[in-house]
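First comes the structure, then the notes that go with it.
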2 protein chains.
Amino acid sequence: MARTRHRSLDCSPGCAVEATLQLIDGKWKGVILYHLLDEVPEPEGALRFSALRRRMPNVTQRMLTNQLRELEADGLVHRTVYAEVPPRVEYRLTARGRSLAPVIRALKAWGDAHATPEASPEAGSRAA
Amino acid sequence: MARTRHRSLDCSPGCAVEATLQLIDGKWKGVILYHLLDEVPEPEGALRFSALRRRMPNVTQRMLTNQLRELEADGLVHRTVYAEVPPRVEYRLTARGRSLAPVIRALKAWGDAHATPEASPEAGSRAA
DNA sequence: CATCACGGTATCCTTTTCGACACTAGGGGC
DNA sequence: GCCCCTAGTGTCGAAAAGGATACCGTGATG
């Protein structure tokens, strides 16, 4: 459902850049990875579906499921389903997913440093 | 023409990640930035339009122009037009653009390390 | 019995993105 | 006069990404 970002990898060395970008592209994947990576203090950083939903209220479950599935397909997150009565599903990063840490951190660092000046004029009081 | 990646910055801290991603999102921007950043040994790393085209043969000029314009609008690249007979236009990173270096490098490093297993088996002889 | 919680799915529709292709300007070369 | 070069621009249309909304099963609760 995603996977459009150039199928012909003919961009010489820049290819690696695109290949990585391709994995975290998808409007919400970056944030999901971020939450799974740094937001969770637990050793494994597992979050259940509803927890992720709470962290991203404006993402529909369809989209969240979707992005999560793509991340899973790309081997970045692992999905654990517990056959319980109120369904419980946990998502956690795989080793491959965790290896993206430097990338996500770089992304976050830049965003923090450059503060998205033209982006959110209404932000500024969001007591994160 | 781009600029869809969530307008409501309500993703708490993950927001910074998305904000950054937003700038390098766009199918070719990552590669363009990469070329402008590391591919060019010159002090400023200026590349003219045709040079970029040569580096990315499968991008149409319309798209290349487009991405370049967006990067310019985001203050990441600077466009210099020389009023010469065969038009000459050079693109180079702005300071802001250059500040993305760690991000691009992280992206490239990951891509190299994880070798895009399903991508191009013909790569492998480049150490850049 | 009706309702809620949880984690999805299915369907439909709109917005955005991308790609193909053609056309322009204007000096130089033949 | 005609074609080539560079760096675009314009238009058209297809496809994808994303969003809204509704529905599913099941055990506990009221």
Side-chain angles (χ1 to χ4, degrees), chain A residues 1-8 10-11 18 21-32 36 46-74 77-92, chain B residues 1-11 18 21-32 35-36 46-74 77-92:
Chain A
M1 219 165 180
R3 218 67 327 135
T4 319
R5 249 193 132 77
H6 68 97
R7 63 295 283 156
S8 49
D10 42 12
C11 35
E18 263 300 312
L21 230 23
Q22 183 172 293
L23 296 178
I24 57 185
D25 176 45
K27 195 161 191 180
W28 300 109
K29 293 198 198 161
V31 205
I32 293 175
L36 250 22
L47 280 179
R48 45 192 301 189
F49 191 78
S50 49
L52 279 168
R53 282 251 278 165
R54 259 186 297 282
R55 279 170 172 73
M56 300 141 83
N58 51 336
V59 188
T60 59
Q61 48 299 57
R62 184 187 160 323
M63 259 304 109
L64 186 52
T65 305
N66 211 314
Q67 304 284 287
L68 248 6
R69 287 284 148 75
E70 288 187 14
L71 289 171
E72 194 193 359
D74 285 332
V77 309
H78 179 68
R79 180 165 173 263
T80 314
V81 183
Y82 296 89
E84 297 173 2
V85 179
R88 183 158 65 99
V89 178
E90 281 184 358
Y91 291 92
R92 72 190 61 213
Chain B
M1 218 169 179
R3 218 62 336 126
T4 319
R5 251 191 131 76
H6 66 97
R7 63 294 285 155
S8 49
L9 287 299
D10 43 10
C11 36
E18 263 301 310
L21 231 22
Q22 183 172 294
L23 297 178
I24 56 185
D25 177 45
K27 197 161 190 181
W28 301 108
K29 293 200 197 157
V31 207
I32 294 176
H35 284 308
L36 251 22
L47 280 180
R48 47 190 302 189
F49 191 77
S50 49
L52 279 167
R53 281 250 279 165
R54 258 187 297 284
R55 280 169 172 74
M56 300 140 82
N58 51 335
V59 188
T60 59
Q61 52 295 55
R62 186 183 159 322
M63 257 304 108
L64 186 52
T65 305
N66 211 313
Q67 303 283 288
L68 248 6
R69 286 285 148 75
E70 288 186 14
L71 289 171
E72 194 192 359
D74 284 332
V77 309
H78 179 69
R79 180 164 172 265
T80 314
V81 183
Y82 296 89
E84 297 174 1
V85 179
R88 183 159 63 101
V89 178
E90 281 184 356
Y91 291 93
R92 69 189 63 214

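Small disclaimer: the values here were computed from a predicted structure and weren't measured. Residue numbers begin at 1 in each chain, while the letters A, B, ... track the order of the sequences.
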Subject >> Atom-pair distance (CG on A:N66; C1' on D:dA16), nearest Å >> reply: 12 Å

Subject >> Test side chain to side chain contact (heavy atoms under 4.5 Å, CB included) applied to A:V59 and A:L52, step by step >> reply: CA-CA 10 Å; A:V59 188; A:L52 279 168; over 6 Å; no

**OP:** Go through the structure and list residues passing salt bridge (Lys or Arg N to Asp or Glu O under 4.0 Å) with A:R88, not counting sequence neighbours.
**Re:** A:E84, A:E90

Subject >> Test side chain to side chain donor-acceptor pair (under 3.5 Å) applied to A:R79 - qualifying residues, sequence neighbours left out >> reply: A:Y91

Original post:
Which value, rounded to the nearest 0.5 Å, describes the distance between B:L36 atom CG and B:L71 atom CG?
Top reply: 8.5 Å

Original post:
With a 4.0 Å cut-off on heavy atoms, is A:R53 in touch with a base, just the backbone sugar-phosphate, or nothing at all?
Top reply: nothing

Original post:
Out of D:dG8, C:dT9, D:dA7, which has the shortest distance to the side chain of B:R88?
Top reply: D:dA7

Original post:
Do the non-hydrogen side-chain atoms of B:D25 and B:K29 ever get within less than 4.5 Å of each other?
Top reply: no

Original post:
When every nucleotide of nucleotides 20-30 of chain D is labelled 5' to 3' by its protein contacts under 4.0 Å (heavy atoms), B for base, S for sugar-phosphate only, - for none, what sequence of letters results?
Top reply: B----B-S---

**OP:** Could you check how far CH2 of B:W28 sits from P of C:dC18, rounded to whole Å?
**Re:** 9 Å

**OP:** For C:dT16, take OP1 and OP2 only and decide whether either is under 4.0 Å from a side-chain N or O of A:K27.
**Re:** no

Subject >> Phosphate OP1/OP2 of D:dG8 contacted by B:R69 side-chain N/O (<4.0 Å) >> reply: yes

Original post:
Rounded to whole angstroms, how far apart are CZ on B:R79 and P on D:dA7?
Top reply: 10 Å

**OP:** Write down the distance between CZ (B:R48) and P (D:dA7), rounded to a whole number of angstrom.
**Re:** 4 Å

**OP:** Starting from P on C:dA25, measure out to CZ on B:F49 and report it in whole angstrom.
**Re:** 18 Å

**OP:** Would you give the length of the straight line joining atom CD of B:E18 to atom CD1 of A:I24, rounded to the nearest 0.5 angstrom?
**Re:** 9.0 Å

**OP:** For A:L47 and C:dG7, give me the distance from atom CG to atom C1', rounded to whole Å.
**Re:** 15 Å

Original post:
What integer distance in Å separates A:Q67:CD from C:dG8:C1'?
Top reply: 15 Å

Original post:
From C:dC18, C:dG7, C:dG8, pick the nucleotide closest to the side chain of B:M63?
Top reply: C:dC18

Subject >> Counterpart residues, side chain to side chain contact (heavy atoms under 4.5 Å, CB included), relative to A:A73 (two or more places apart) >> reply: none

Subject >> Atom-pair distance (OH on B:Y82; C1' on D:dT6), nearest Å >> reply: 15 Å

Original post:
Are A:S50 and C:dG7 close enough that a side-chain N or O sits under 4.0 Å from OP1 or OP2?
Top reply: yes

